[in-house]
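Reading through the structure tokens given below for one structure.
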Amino acid sequence: MELGLIGLGKMGGNMRERLRRAGHTVVGYDRNPDIADVHSLKDLVDKLKGPRVVWVMVPAGAATQSTIDELADLLSPGDVVVDGGNSRWTEDERHAVELGIKGIGFVDCGVSGGVWGLENGYALMYGGTPDDVAKVTPIFDSLKPEGDFGAVHAGKVGAGHFAKMVHNGIEYAMMQAYAEGWELLEKVGSVTDVREVFRSWQEGTVIRSWLLDLAVNALDDDEHLEKLKGYAEDSGEGRWTVEAAIDHAVPLPAITASLFARFASRQDDSPQMKMVSALRNQFGGHAVEANAAEAKAMKKSSKKSDK
């Protein structure tokens with residue numbers, strides 16, 4: 001079938017290639033003219049026969065909103081827009097209403113697979129009416145991994161992005177658990193080959209996973225991760241997962257802790273730990289460590305007093 005694909009970055013570009021390998025006609029648009037098949041959204045829409053399916057794969061928020069607004073003026077009744085980015089699920093219902101007024105369908109689709117999706121396929125979680133989903137199903141079937149699993153019609157509009165959000169929240173907690181275990185193994189003198197311990201877990205253990213495989217790949221590249229700085233960003237979906245848990249009174253201690261651990265990674269000198277250190281010193285006389293500047297000043301003052 002024909003598909004218009006907007007956004008040809010790391011994932012979008014590979015999705016175009018995977019779909020073309022499966023025999024679909026894909027017309028791609030990107031702001032970068034070097035990788036685009038057409039040079040405007042109007043050109044993209046004009047290249048497709050109705051009823052059209054247009055897949056939006058751009059950053060969540062303003063970029064997605066402006067793209068959908070423009071498509072609303074270009075598409076026709078019976079066409080369908082798929083938002084495959086990481087939009088917040090609360091935005092999906094609004095997009096469905098905005099497009100629905102003009103007779104245009106809307107499907108939200110959470111996509112997982114990253115740079116490996118071209119060869120391995122993409123896990124897909126989508127939400128929308130059965131009629132709208134049916135129009136996109138040949139595309140879903142070609143993007144998903146081989147076999148019976150890897151794609152799900154999760155429910156109504158918004159369900160796909162909500163499911164992907166929870167998926168990413170679980171991912172946060174799993175990565176944090178592997179990271180904590182790795183650090184502890186590295187600290188213990190009796191364990192002399194942490195990388196091989198991780199590798200041994202890849203078969204026969206209850207914690208084997210693709211994330212574990214990727215951890216071993218990383219350790220093969222840099223055995224003690226000495227080339228990296230201990231800093232991790234968050235995509236936003238971890239925050240949304242925690243916010244949704246609060247709204248629905250669902251306890252998520254592991255996911256919440258993993259999100260906060262990422263915040264802590266951005267502090268070279270934690271203000272909170274300054275207070276903890278000060279309090280321990282006040283009530284128990286525990287030793288405190290001066291920061292680099294203060295330590296330097298104290299050392300300089302000590303030298304002067306020795307003269």
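Note that the structure is a prediction, hence the values are computed from the model and not measured.
Nearest heavy-atom pair across Val191 and Val197 is CG1-CG2, 4.1 Å. Here the closest non-hydrogen pair linking Val56 and Val81 is CG2-CG1, 4.0 Å. Minimum heavy-atom separation, Gly84 to Trp55: CA-NE1, 3.5 Å. The two residues Gly113 and Trp210 make their nearest non-hydrogen contact at O-CH2, 4.0 Å. The two residues Pro145 and Ala123 come nearest to each other via the heavy atoms CD-N, 4.3 Å. Here the closest non-hydrogen pair linking Ile255 and Ile170 is CD1-N, 3.9 Å.
A donor and an acceptor atom, one from each side chain of Thr241 and Tyr172, are nowhere located under 3.5 Å apart. Defined by atom type and a distance below 3.5 Å, a donor-acceptor pair is missing between the side-chain atoms of Ser66 and Asp69. Of the N and O atoms on the side chains of Glu91 and His161, not one donor lies less than 3.5 Å from an acceptor on the other residue.
Contact annotation: the side chain of Leu5 never approaches that of Val27 to less than 4.5 Å [non-hydrogen atoms, C-beta and beyond]. Between Val80 and Ile104 there is no side-chain heavy-atom pair separated by less than 4.5 Å. Side-chain contact between Leu124 and Val152: absent, with no pair of heavy atoms (C-beta onward) separated by less than 4.5 Å. Put simply, the side chain of Leu3 does not reach to within 4.5 Å of the side chain of Thr25, judged on heavy atoms. Using a 4.5 Å cut-off on side-chain heavy atoms (C-beta onward), Phe106 and Val82 make no contact. Taking 4.5 Å as the limit, some side-chain heavy atom of Asn14 sits within range of a side-chain heavy atom of Tyr122. Residues Leu71 and Ile6 are in side-chain contact: their nearest non-hydrogen atoms beyond the backbone lie under 4.5 Å apart. Put simply, the side chain of Leu8 does not reach to within 4.5 Å of the side chain of Asn32, judged on heavy atoms.
Legend: salt bridge (Lys or Arg N to Asp or Glu O under 4.0 Å) pairs involving residues 235-249, not counting sequence neighbours, sorted by first then second residue: Arg88-Glu243, Lys164-Glu237, Asp234-Arg239. Residue pairs that meet the side-chain hydrogen bond (donor to acceptor under 3.5 Å, both in side chains) test with at least one member in residues 136-152, sequence neighbours left out, are His24-Ser142.
Taken to the nearest 0.5 Å, the CH2 atom of Trp89 stands 8.5 Å off from the CH2 atom of Trp240. With values rounded to the nearest 0.5 angstrom, Thr67 atom OG1 is found 13.0 Å from Met57 atom CE. In this structure, OG on Ser112 lies 5.5 Å from CE on Met125, to the nearest 0.5 angstrom. Here the straight-line distance linking atom CG of Leu48 with atom CG of Leu74 works out to 11.5 Å at 0.5 Å rounding. One distance of note links OG1 of Thr90 with CG of Asp92; it measures 7.5 Å at 0.5 Å rounding. The line from CG of Leu212 to CE of Met174 is 9.0 Å long, rounded to the nearest 0.5 Å.
Checking side-chain atoms of Arg52 against main-chain N and O of Val45 turns up a donor-acceptor pair under 3.5 Å. Side-chain atoms of Asp222 come within 3.5 Å of backbone N or O of Lys227 as a donor-acceptor pair. In this structure, Thr256 contributes its side chain and Pro253 its backbone to no donor-acceptor pair below 3.5 Å. Of the possible polar contacts, one joining the Asp108 side chain to the Gly158 backbone as a donor-acceptor pair under 3.5 Å is found. Distance alone, capped at 3.5 Å, places no donor-acceptor pair between the Ser87 side chain and the Ala60 backbone.
Both Met165 and Leu211 are members of a single hydrophobic cluster when ILVMFWY side chains are connected at heavy-atom separations under 4.5 Å. Hydrophobic cluster membership is shared by Leu185 and Val216, with clusters built from Ile, Leu, Val, Met, Phe, Trp and Tyr side chains linked at under 4.5 angstrom. In the hydrophobic clustering of ILVMFWY residues, with side-chain heavy atoms under 4.5 Å counting as a link, Val166 and Met175 come out together. Put simply, Val38 and Val58 are part of the same group of oily side chains (I, L, V, M, F, W, Y) that touch within less than 4.5 Å, one to the next. Note: the hydrophobic cluster containing Val111 also contains Leu19 (ILVMFWY, side chain heavy atoms under 4.5 Å, direct or indirect links).
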*CA sep, side-chain torsions, deciding dist, call: Glu180, Tyr178, side chain to side chain contact (heavy atoms under 4.5 Å, CB included)*: CA-CA 6 Å; Glu180 290 175 6; Tyr178 283 129; over 6 Å; no
*For Asp213 and Arg208, run salt bridge (charged side-chain N to carboxylate O under 4.0 Å, His left out): C-alpha distance rounded to whole Å, both residues' side-chain angles, the deciding distance at 0.1 Å, then the answer.*
CA-CA 8 Å; Asp213 295 341; Arg208 63 189 186 274; over 6 Å; no
*Run the salt bridge (charged side-chain N to carboxylate O under 4.0 Å, His left out) check on Asp43 and Lys47 step by step: do they pass?*
CA-CA 6 Å; Asp43 288 344; Lys47 287 272 188 182; over 6 Å; no
*Start with the C-alpha gap between Leu214 and Trp116, add the side-chain angles, then the distance that decides, and say whether side chain to side chain contact (heavy atoms under 4.5 Å, CB included) holds.*
CA-CA 11 Å; Leu214 295 177; Trp116 299 85; 3.9 Å; yes
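Under the rule for a ring pair (Phe, Tyr, Trp, His ring centres under 6.0 Å), the partners of Tyr126 that lie at least two apart in sequence or sit in another chain are Phe140, His153.
Salt bridge annotation for Arg266-Glu233: present, with a cationic side-chain nitrogen under 4.0 angstrom from a carboxylate oxygen. Looking at Arg94 and Glu98, a side-chain N of the basic residue comes within less than 4.0 Å of a carboxylate O on the acidic one, giving a salt bridge. Using a cut-off of 4.0 Å between Lys/Arg side-chain N and Asp/Glu carboxylate O, Asp37 and Arg16 are scored as salt-bridged. With respect to the salt-bridge test (charged N to carboxylate O, under 4.0 angstrom), the residues Glu17 and Arg20 do not qualify. Under a 4.0 Å N-O distance rule, the pair Asp79/Lys135 does not qualify as a salt bridge. Salt bridge annotation for Arg195-Glu186: absent, with no cationic side-chain nitrogen under 4.0 angstrom from a carboxylate oxygen.
Under a cut-off of 6.0 angstrom, the local environment of CD in Glu2 is crowded, with over 12 non-hydrogen atoms contributed by other residues, nucleotides or ligands. Around CZ of Phe149, the count of heavy atoms belonging to other residues, nucleotides or ligands within 6.0 Å does not exceed 12.
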